Structures are given as C-alpha cells and as structure tokens.
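First comes the structure, then the notes that go with it.
All figures in this text were calculated on a predicted structure; none of them were measured in a lab.
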Amino acid sequence: MQRRGRTRTPPHRGLVPLTTVAGALLAVLMGLVFLMLVLAIQDARHSLLSARSGRPALDQLGVVQGIVLDMEGGQRSYVITRQDEFLAPWRTGRAAFPAQAQRLVDISTSPSQRQLARQIQRAGQSFVDDYSVPLVAAARRGDPDASSTARTLEGKQRLDALRGQFSRYLHDERLAINHRENALEARMRMLTIAASAGVTVAVVLIVAFGAYVTRVIVWPVRRMARFATRLAAGDLSARVPLSGRREIGQLEAAFNTMAGSLEKSHRRLRLLYDAGTAVGNTLDVGQTADELVRVAVPRFADFVTVDVEEPVLRGAEPTAAETVLRRVARGGVRDDSPLAAAGAPITVDPPPGGVRRSGTGAALMADLRVTSRAVFPDARCSERLLEYGMRSLITAPLSAQGVLMGVVVFWRTRDSPPFEEDDLSDAEELAAKAGVAIDNARRYARERETALALQRSLLPHVLPASPSVDLAYRYLPTGTRAGVGGDWLDVIPLSGTRVALVVGDVVGHGIQASATMGRLRTAVRTLADVDLPPDELLTHLDDLVLHLEDGAGEQAGEVGSTCLYAVYDPVSRHCSLASAGHPLPFVISPQGAVEPAPGQAGPPLGLGGLPFETTDLLLSEGATLALFSNGLVHSRDLDLGHGLDRLRHALAASEEGESLEAACDRVVAALRTGEPADDVTLLLARTRALPGDRVATWEVPADPEHVARVRTLTTGQLGAWKLDELSFTTELVVSELVTNAIRYGGSPIRLRLIRDTGTLICEVSDGSSTAPHLRRARVFDEGGRGLLLVARLSRRWGTRQTAAGKTIWCEQALPATGASTRSPGSVDWSRE
C-alpha cells in the first residue's frame with residue numbers, strides 16, 4: 001500500500017528568481033544593442049542629409065551659369081544684328097541673376113563655398129552693371145565702339161573670369177560631396193559591424209536563455225505532460241522520475257502523489273463498481289454470497305466468508321438474535337483454507353466484535369496476534385488460523401433496513417499488507433451491497449414461493465375425467481426474477497357430455513398476476529356454468545375485466561390479458577372456439593397432419609366494446625387440439641412467427657401410438673431453451689366421438705296427448721340400455737320437462753337421451769328462448785312444482801341457450817351394478 005508523504009522544498013534556489021535575473025540581464029543587453037542601433041542610425045541619417053545637401057548647390061550653380069551665358073549670348077546677338085528680339089533673354093537673365101546668385105550663396109554647404117559664391121555674385125553683377133548694360137546702351141545709340149575689338153575682348157575676359165570661378169566652385173563642391181560620402185560609408189560600415197555584433201550577442205543570449213528554459217522547464221514539463229497523458233488515458237501506473245530540481249521537483253513529487261491517490265481511488269471505485277454489477281444478479285442467497293466472494297478475492301481480501309441466519313435462507317424475516325449462523329459462501333486465494341466450509345453452522349456472539357469505528361458497523365482487527373479477545377466467526381480455531389498465516393480481518397454486518405441478517409468477514413494473510421482504517425469504508429460498502437442483494441433474494445424467494453403457492457391453489461391439480469377427450473398438459477412457471485406469471489388452463493365439463501377447454505394469460509408477474517388469474521379462471525367457470533357460446537362468454541369476461549378491482553381500488557385485470565375458450569361436443573364432433581387476443585390452437589388430424597385452426601383472434605381482454613368471433617370446426621374422431629400460451633412460442637430471442645413454426649413441426653413429429661403425456665414432454669423439451677422468460681402452458685386434447693347407440697332423439701309434437709307416448713319411448717330405450725332401475729325416475733323427469741316445453745315453450749320440441757359411461761342425460765329442447773326459473777310452490781298452488789321435482793330427482797340440472805331456442809337438461813347417475821356402469825365422474829376409455 002502506497003504511503004502518502006509531504007513534498008519537501010528542495011534546498012536549491014527557485015526557478016522564479018533565476019528566471020527573473022536571466023530575463024532582466026537579457027533585457028538590459030537587448031536594450032543596449034537597440035540603443036547602439038538607434039544612435040548609429042541617427043548619425044547615418046545626419047551624414048546622409050549632409051551628403052545630400054551638396055546636390056542643390058551644384059544645381060543652383062548650373063542655373064546661375066546658364067543665366068550669365070544667356071545674357072552674354074543675347075547682348076552679343078543684339079550688338080551684331082541690332083534686332084530687339086535678342087534682348088528678351090538678356091532682360092530675363094538680367095532680372096533673374098541677383099535672386100539666383102543670392103540663392104547660390106544661401107545654399108552653399110561650407111563657408112569657403114559661400115565665400116566663393118559671393119565672389120561669383122559680385123563678379124556677375126559687375127559683368128551686368130559695368131559691361132553688359134553699357135554695351136547694350138552704346139549699341140542702341142549706334143556707337144561704333146559697341147562692336148569694337150576692345151569691347152569684345154573686355155567682355156571675353158570678364159566671362160572667362162566668371163567661368164573660372166564657376167569651375168572652382170564646382171570642383172570644391174564635388175570634393176566636399178565625395179568627402180561626406182566617404183565619411184557616410186565609413187559610418188555605415190561601423191554601424192553594420194556594431195549592429196552585427198549586437199545582434200550576435202543578443203542571439204547568443206537568447207539561445208542560451210532558451211536552452212536554459214528548455215532544459216530546466218520545457219523538457220521537464222513535456223515529460224510531465226507525457227506522463228499526465230498516460231494517466232489521463234487510464235494508465236494509473238504512470239510515475240514521473242524525480243529530478244529533484246526546484247519547483248519542477250516539487251511538481252513531479254506532487255504528480256506522483258496524485259497518481260498514487262488516483263490509482264488507489266480507481267481500485268476502490270472499480271471494486272465497488274464491480275460489486276454493484278456482479279453482486280445480486282441471480283436473486284439467490286447462496287449465489288449472491290458467492291458473487292461477493294468472487295468480487296472481493298483477491299482485490300480486497302485474501303479470504304472471504306459469508307454467514308447468514310437460517311430463516312434468511314428460507315425466505316423468512318431475520319431475527320437479529322441468532323447465535324448460530326449458516327455459512328453460505330467461502331473463498332480465497334488458496335484451496336487449503338482453514339475456515340469452515342460452506343454449509344457449516346457457525347457460532348457467533350451477536351453482534352460481531354472488534355475495534356469498532358465510530359458511527360459504523362464494520363470492525364477492524366489489524367493484528368490478530370496481539371488481539372487479547374477475538375470475537376468473530378471461526379474464533380474457536382484461532383490458533384490454527386494464526387499458524388496458517390491469518391494476520392488481520394474486518395467483520396462487517398449483513399443488514400437490510402436496519403435488521404441484521406448475518407456477517408461477512410474479510411481476511412488478509414501475512415503475504416498481504418494488513419487492513420487499515422481506510423479499508424473499513426470499502427468493507428462497509430461491499431457488505432451493504434451484499435446485504436441489499438441478499439435481502440432482495442430473500443424477499444424474492446418468499447414472494448415467488450407465495451405466488452407459486454397461490455397459483456398452485458388456483459390452478460386445477462388434476463384435470464377432470466371426460467368421456468369427450470383424452471387430456472394431457474404441462475405448466476412450467478417462469479424462472480426469471482420477474483416472478484410467476486399469470487398463465488392458466490382449465491377443463492370444464494359441460495352439459496350433454498360436452499367439455500370446455502380454456503387457456504389464458506394475464507399480463508405481468510408475481511402475486512398480483514396470480515390473483516388476477518384466479519379471478520379470471522373463477523369467472524370463466526361461472527360463465528361456463530351458464531353455458532354461454534364462446535363469443536358471448538368472452539364478451540362477459542371482457543366486461544368483467546374492465547370492472548374488476550383489487551383491494552386497493554386499482555384495476556386488477558390489466559389490459560392485454562388473453563383467453564381462448566373452446567367447446568367440444570362428442571355427439572356431433574363439433575368444436576366452437578373464440579379467442580380474446582390468444583393464439584389459436586393447432587389441430588392435429590389422426591393421420592398426423594398439423595394445421596392451425598381457422599379464424600381470427602379477437603382483441604385482448606380489457607379493451608371493452610369490441611366483438612369476438614366464434615369459429616366452428618368439425619373434428620374427426622381421434623383429432624387432437626393443441627392449446628398453448630405465448631411463453632411456449634415467444635421470447636426475446638424468438639419471434640412469434642418462428643415460434644409457431646417450431647411448435648407446428650414439433651407437433652407433427654409425433655410417433656405412432658405416442659401417448660399425450662409423452663407428446664407433451666417431447667414438445668416442451670423441443671421448444672424450451674433454458675429458463676422460460678414467461679410461463680409455459682401446453683394442453684393437448686384428443687377428441688372422442690360418442691357412439692350413435694348411446695344417443696336417442698325424438699321429435700315431439702306440441703300436443704299434450706303425446707306425453708304418454710314420450711314416456712313409453714323413454715322406458716323402451718332404458719330397457720334397451722339395461723337401465724330399468726332408472727325407468728320410473730326418468731319417466732317422471734321426461735314427463736315434467738316435455739309437458740313444460742309443450743305448455744310454455746314453442747315448436748319444435750325435441751327429446752334426447754344420452755347414455756354416458758356413468759351418467760344418463762335427459763335433454764328437452766324447444767323453440768322458446770325464455771328460461772325457466774326454479775321456485776318453491778305454496779301449499780295451495782296448482783303448479784310450479786315441476787322443476788323442483790326434476791331438481792330433486794336429478795344429480796344436477798340446468799338450461800342453455802341454443803340457436804333455435806333453449807335446452808333444459810338434467811343428469812342422473814347410473815346404477816353402481818352392472819358390467820356396463822361406472823361410478824360418477826370416472827372415465828371409460830374403452831370403445832363399445
């Protein structure tokens with residue numbers, strides 16, 4: 001276990017002052033370099049301006065020289081030609097010369113040049129005033145002296161003198177310009193050398209500072225970032241090698257401490273997460289305890305034991321006062337554990353002792369060797385545990401809603417670090433999750449057992465014997481945690497040797513579904529006693545579901561419950577059925593062909609107001625009806641269409657002479673894959689046909705005179721059936737029923753006698769739909785005793801509606817003597 005420590009400040013100087021000093025020196029040096037550059041640039045600027053200032057003086061010298069030459073040319077041309085147009089340039093030059101000569105003086109770049117410019121100014125002005133103007137004036141007067149050789153030679157001398165001055169000014173100015181340009185070039189060269197040296201020094205300093213920062217800060221930070229990336233990616237084992245340098249060393253130590261804390265927290269969270277997902281998935285106390293052991297070993301403890309009270313294993317409420325627990329799970333890193341095995345009784349002193357932490361239920365024994373009084377499970381073998389290497393343990397109570405159910409003990413040997421105070425919270429979390437899961441498993445076991453008991457009490461234990469059909473069924477409750485479903489089946493004997501076959505499915509699971517199933521089954525039996533047609537029975541049942549309420553005032557019949565009701569008559573081999581959202585049955589012919597029953601399934605029960613459709617079938621003797629629930633053909637991994645195909649193939653795979661019981665086992669085994677997600681119900685009914693010599697039918701005219709003839713026919717038929725002992729009673733019953741039909745009913749009237757294996761059935765049908773009512777006649781009443789007499793003489797009686805009217809029937813038990821008689825309720829499976 002990694003220990004936490006404080007990060008010490010290294011004795012070296014910190015990075016902050018070093019970085020500050022280095023940055024300040026670099027800034028000073030960079031400032032000096034830039035200052036030198038600014039000064040050199042300023043000096044070069046002045047030199048450049050000085051070099052450039054000689055160019056205007058040279059240009060102005062050319063302007064002044066041009067003016068002088070223009071005046072000289074103008075005056076000479078006028079003297080020679082005496083034409084006034086040549087005086088225009090002379091006048092312009094004479095007027096412009098003073099200003100231009102003064103400008104030349106002003107823009108001269110040196111005192112010597114300025115002095116020379118003044119000489120040019122005076123010589124030029126003298127040329128204009130002393131020579132040119134008098135010459136032009138003499139020429140205007142016509143003075144021959146104006147064109148004399150002396151005058152011309154004088155002008156030439158003056159002009160040559162000016163030209164000499166112009167040349168000397170030009171030469172001196174050019175020398176000055178060259179000197180300034182050479183000085184500028186020298187300064188630029190020095191400037192370049194200084195700038196290069198400064199930049200070089202700055203670059204060296206920057207590189208040195210960058211290398212220092214890279215080595216001391218960047219590389220360690222990049223290394224930290226690399227390890228941080230590994231840590232963020234889930235590699236909790238990432239640790240930075242310690243360099244021990246200033247703040248970076250502190251950061252590395254802090255990072256490693258944080259990574260260690262994260263790794264420990266991750267291990268703890270992963271342990272608790274795995275416990276949350278792995279513990280409590282089966283809703284079985286033993287398997288839940290095994291799941292806790294598998295999660296805790298070896299990540300948290302070397303050995304783990306789970307002990308619970310005996311009542312918890314049975315689904316009962318814990319007492320929190322048991323001193324003998326039952327070990328339900330044990331596991332560890334080795335197989336030769338000295339701890340008691342699973343299933344062994346464990347004696348404890350409640351509550352488990354030890355050094356308790358304040359406010360919690362977990363107890364820590366950090367070192368079993370120094371514990372003076374060990375109070376924990378397996379304490380009686382303490383010596384053997386110490387010799388084995390057990391060194392520390394944590395006991396945590398298994399409780400739910402504040403009630404103690406048992407204890408879980410975590411053990412560590414000498415090969416592992418002992419438990420610490422920080423481990424108590426993990427032990428408490430594991431025990432709390434296991435306690436809730438075990439309590440859920442206990443409650444589920446109790447609720448499932450209650451639902452199964454309720455369902456077993458509501459479902460038929462043994463199907464009634466019937467002369468109409470051979471029966472076999474299978475019912476498998478779901479094995480999922482959702483609880484027992486609401487599927488049911490029933491076989492209801494009806495009048496006239498008919499039988500009703502019922503299969504239903506209530507949406508939901510658990511006790512509520514079982515209770516709703518019981519209500520619906522009772523309602524179907526009650527409506528079947530009224531002998532309603534299948535479609536009318538489902539209509540009444542649908543209305544009943546809409547109004548069915550439980551004790552809390554909530555609707556008990558959930559929308560979506562289904563029911564299939566079929567009635568088979570062995571006399572006519574006629575079967576009528578109707579479905580309320582339930583799959584229609586399969587019909588298996590005596591030759592083995594399997595076909596789905598025609599018709600459409602109506603809406604599920606609970607929708608209300610929708611009609612149901614009756615389907616009529618004519619079945620061959622020996623045909624088999626296969627009624628089933630959705631749980632047999634539909635699941636999460638099996639769609640309904642594919643499931644129906646599988647059921648059809650399984651039904652068609654029957655062997656010759658195979659019994660219905662064997663067929664049920666084979667079909668369920670073929671279609672069932674693992675624990676069913678819903679209840680599985682299968683009912684096979686193989687039809688029988690009542691022989692014609694056991695049925696006698698007569699049409700009776702609606703005339704009282706024919707009652708005597710009916711009695712005679714009845715007596716004769718009973719004699720033929722060797723039932724003379726019943727002649728008197730049957731004659732009286734037939735007389736009363738036929739008389740009532742003639743008096744209160746309508747045509748046609750028909751009498752039918754049916755001799756069953758243990759019952760004689762008398763049926764009188766007429767065209768009136770008015771049902772008779774049994775009432776007690778008073779002493780002086782002349783009538784009203786017929787039905788009372790029939791009820792007294794018969795075992796049971798009743799009435800049913802038909803398409804043409806009604807039928808009143810009654811049953812008498814056959815005599816117990818005679819080779820051809822049976823006890824009431826038994827089934828004669830032989831053929832006469």
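- Using a 4.5 Å cut-off on side-chain heavy atoms (C-beta onward), Leu814 and Leu726 make contact.
- Contact record, Ala472 with Glu661: CB-OE2, 3.6 Å, taken as the closest heavy-atom pair.
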Practice problem: Just do the side chain to side chain donor-acceptor pair (under 3.5 Å) check on Thr730 and Gln812 with the steps written out, would you? | Solution: CA-CA 8 Å; Thr730 306; Gln812 301 176 71; 3.0 Å; yes
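- Judged by distance alone, with hydrogens and angles left aside, the side-chain atoms of Thr807 form no donor-acceptor pair with the main-chain N or O of Arg800 at under 3.5 Å.
- Using a 4.5 Å heavy-atom cutoff, the side chains of Arg755 and Leu753 are not in contact.
- Annotation for Arg796: atom CZ counts as buried by contact number, over 12 foreign heavy atoms lying within 6.0 Å.
- If you run side-chain contact (heavy atoms from CB on, under 4.5 Å) between Val700 and each of Val707, Asp766, Val710, Val764, only Val710 comes through.
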Quiz item: Would Ser495 and Asp531 satisfy side chain to side chain donor-acceptor pair (under 3.5 Å), going step by step from the backbone distance to the final call?
Solution: CA-CA 8 Å; Ser495 63; Asp531 236 332; 2.8 Å; yes
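- Summarising the geometry, atom CG belonging to Leu619 is positioned 6.0 Å from atom OH belonging to Tyr568; distances are rounded to the nearest 0.5 Å.
- Under a cut-off of 6.0 angstrom, the local environment of CD in Glu699 is crowded, with over 12 non-hydrogen atoms contributed by other residues, nucleotides or ligands.
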Self-check item: side chain to side chain donor-acceptor pair (under 3.5 Å) assessment of Arg795 paired with Thr759
Solution: CA-CA 9 Å; Arg795 184 170 62 181; Thr759 307; 2.9 Å; yes
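- Checking Leu625, Leu684, Leu644 one by one against Phe586, the side-chain contact (heavy atoms from CB on, under 4.5 Å) holds for a single residue, Leu644.
- A 4.5 Å side-chain heavy-atom check between Tyr473 and Thr681 finds every atom pair outside the cut-off.
- The closest side-chain heavy-atom distance from Leu732 to Leu793 is below 4.5 Å.
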Practice problem: Start with the C-alpha distance between Val567 and Leu494, add both sets of side-chain angles, then the distance that settles side-chain contact (heavy atoms from CB on, under 4.5 Å), and finish with yes or no. | Solution: CA-CA 9 Å; Val567 177; Leu494 300 178; 3.7 Å; yes
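- With a 4.5 Å cut-off on side-chain heavy atoms, Asp679 and Tyr475 count as touching.
- If you run side-chain contact (heavy atoms from CB on, under 4.5 Å) between Val506 and each of Asp487, Leu605, Leu520, only Leu520 comes through.
- Around atom NE2 of His574, more than 12 heavy atoms belonging to other residues, nucleotides or ligands sit under 6.0 Å away.
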